[in-house]
Amino acid sequence: MHIRYFAWLRQRVGVAEETVAPPAEVGDVAGLLAWLKARGAPYDTAFEPDAAIRVAINQVYARRETPVHAGDEVAFFPPVTGG
Amino acid sequence: MHIRYFAWLRQRVGVAEETVAPPAEVGDVAGLLAWLKARGAPYDTAFEPDAAIRVAINQVYARRETPVHAGDEVAFFPPVTGG
Amino acid sequence: MSVSVQEADFDVAAEIQAVTAGRCDIGGLAVFIGLVRDLAERADGDPPGSMTLEHYPGMTERQIEEIEAEANVRWPLLATRVVHRVGRLEPGDRIVLVIAASAHRAAAFDACQFLIDWLKTRAPFWKLEQAGDAPGRWVDARASDEDAAARWQGSPPTAG
Amino acid sequence: MSVSVQEADFDVAAEIQAVTAGRCDIGGLAVFIGLVRDLAERADGDPPGSMTLEHYPGMTERQIEEIEAEANVRWPLLATRVVHRVGRLEPGDRIVLVIAASAHRAAAFDACQFLIDWLKTRAPFWKLEQAGDAPGRWVDARASDEDAAARWQGSPPTAG
């Protein structure tokens with residue numbers, strides 16, 4: 001599973017992308033977030049406030065309950081500010 | 001008093017502008033229109049339908065009851081269709 | 001605020017440049033360009049129609065200036081620009097350009113739409129459509145234009 | 001329908017020309033240009049601020065294409081075009097161009113405003129403001145942008 005971070009979330013995490021292999025019981029976005037936070041610093045505090053974290057799976061907006069799979073590209077980022 | 005006509009009203013009247021000297025009792029736009037029509041063809045039928053005839057006095061929109069004076073430029077024209 | 005009524009075509013890029021040059025306070029620029037459409041009622045085989053725009057020199061500029069002044073009262077605008085062509089135009093030609101600039105996009109959009117809506121019902125222009133050698137047909141005023149102009153709250157009733 | 005995300009500036013006249021060339025069915029073209037404003041909170045004497053636009057390559061284009069497709073479902077459009085810049089921009093620079101063309105102006109205006117409103121809340125761009133050597137400040141999403149996007153009836157709730 002490939003994870004991407006953008007804007008201030010990228011700065012907090014310290015990398016723009018990484019490949020991870022969460023255990024099989026990580027089945028959705030909420031589970032993936034919990035698993036990432038459990039890895040400790042900087043992940044444990046990077047995703048605050050939770051309501052500000054958007055997620056996309058394979059470049060399509062997703063929700064906390066959207067399933068995630070091994071080959072997915074999962075992106076986390078703050079609310080968008082283009083235009 | 002200088003009168004100007006535009007668009008199909010100009011075509012009906014047959015001139016783009018003319019100078020007229022209505023009698024003193026012609027005091028407003030309605031009176032001027034009645035006096036013009038009383039001159040006979042082509043004026044008698046040119047201003048139909050009355051509701052379609054707009055008027056401006058000295059290049060400012062006016063109404064049937066707006067006063068007219070000897071030195072005025074009075075313009076008659078159909079509803080505008082620019083843009 | 002600036003108005004031009006002219007036979008010549010306008011240069012959209014140059015007009016935008018004139019509005020924005022040397023300033024950093026404009027966040028949004030709304031631009032409207034009106035174009036001559038091919039005659040809707042033309043039958044197959046009819047020659048393409050041209051259009052001739054007549055206007056009332058002097059009153060036209062004055063009316064558009066008043067419309068621009070009204071827009072500047074209603075919205076916090078940083079610049080407005082109106083260019084309207086007259087004379088003979090062919091299908092695909094540009095007729096009118098409206099630019100409204102503001103710090104934020106909502107005011108720019110609203111003012112731009114207000115300017116063209118009011119121009120269409122108040123500025124003394126008249127369109128004559130002609131196809132080939134046929135006598136011209138004066139375009140009728142459209143109720144939809146009156147409706148568009150009337151939806152701007154506080155607009156006075158149509159003159160005349 | 002056409003989208004470009006690029007570092008280079010765009011040529012407004014060329015973009016308009018590409019939309020209108022060779023056709024006579026467009027009656028109204030609504031254009032929006034977004035520009036970099038000078039930092040609002042900058043104190044006198046502070047250096048002018050620059051802005052860096054980050055985006056999510058691939059998803060950005062895909063989101064904008066979906067927004068364009070939605071606009072084409074909602075309005076009878078003849079063409080739409082979106083160009084959005086990324087990378088470092090200075091005050092006064094152009095950020096975004098939106099063009100919507102239709103037979104009549106109301107659809108062109110509505111679609112153009114819809115495109116920029118939805119782009120602002122759905123396309124994955126992020127603005128970093130920087131003044132001189134100070135650490136950058138990520139621009140906050142604005143509630144007014146959410147409100148602008150939400151007023152388009154039938155818009156789905158904000159993703160995420």
### Message
With chain D as the partner, which of C/I116, C/D117, C/I95 has the greatest number of non-hydrogen pairs under 4.5 Å?
### Response
C/D117

#### Entry: Residues in residues 4-18 of chain C that sit under 4.5 Å from chain D, counting heavy atoms only
C/V12, C/A13, C/I16

### Summary
Most heavy-atom pairs under 4.5 Å with chain C, out of D/D25, D/V98, D/V31, belong to D/V31

### Task
Evaluate the salt bridge (charged side-chain N to carboxylate O under 4.0 Å, His left out) criterion for residues D/R105 and C/D145: first the C-alpha distance (whole Å), next the side-chain angles of each, then the deciding distance (0.1 Å), finally the verdict.
CA-CA 10 Å; D/R105 73 186 184 285; C/D145 285 332; 3.0 Å; yes

### Task
Among D/D93, D/I26, D/T20, single out the residue with the greatest number of heavy-atom pairs under 4.5 Å to chain C.
D/I26

### Query
Which of parallel (below 30°), tilted (30 to 60°) and perpendicular (above 60°) describes C/F32 and D/F109?
parallel

### Message
Counting heavy-atom pairs under 4.5 Å with chain D, which one of C/A106, C/C24, C/C112, C/G92 comes out on top?
### Response
C/C24

### Query
What's the verdict on side chain to side chain donor-acceptor pair (under 3.5 Å) for D/E68 and D/T80, showing C-alpha distance, side-chain angles and the deciding distance?
CA-CA 7 Å; D/E68 279 192 285; D/T80 58; 2.6 Å; yes

## Note on the structure
Which of C/K127, C/E129, C/R88 passes side-chain contact (heavy atoms from CB on, under 4.5 Å) with C/T52? Answer is C/R88

### Message
Could you tell me if C/R137 sits above the aromatic ring of C/W126, with its cationic atom closer than 6.0 Å to the ring centre and no more than 45 degrees from the axis?
### Response
no

### Message
Can you confirm if the NZ or CZ of C/R151 lies within 45° of the ring axis of C/W118 and under 6.0 Å from the centre of its six-membered ring?
### Response
no

### Task
Kindly state each residue pair satisfying salt bridge (charged side-chain N to carboxylate O under 4.0 Å, His left out) with at least one member in residues 54-65 of chain C, sequence neighbours excluded.
B/R10-C/E54

### Message
Shorter than 4.5 Å, heavy atoms on both sides: which option in C/A21, C/A148, C/A103 has the most such pairs with chain D?
### Response
C/A103

### Query
Are side-chain heavy atoms of D/R37 and D/M51 found at a separation under 4.5 Å?
no

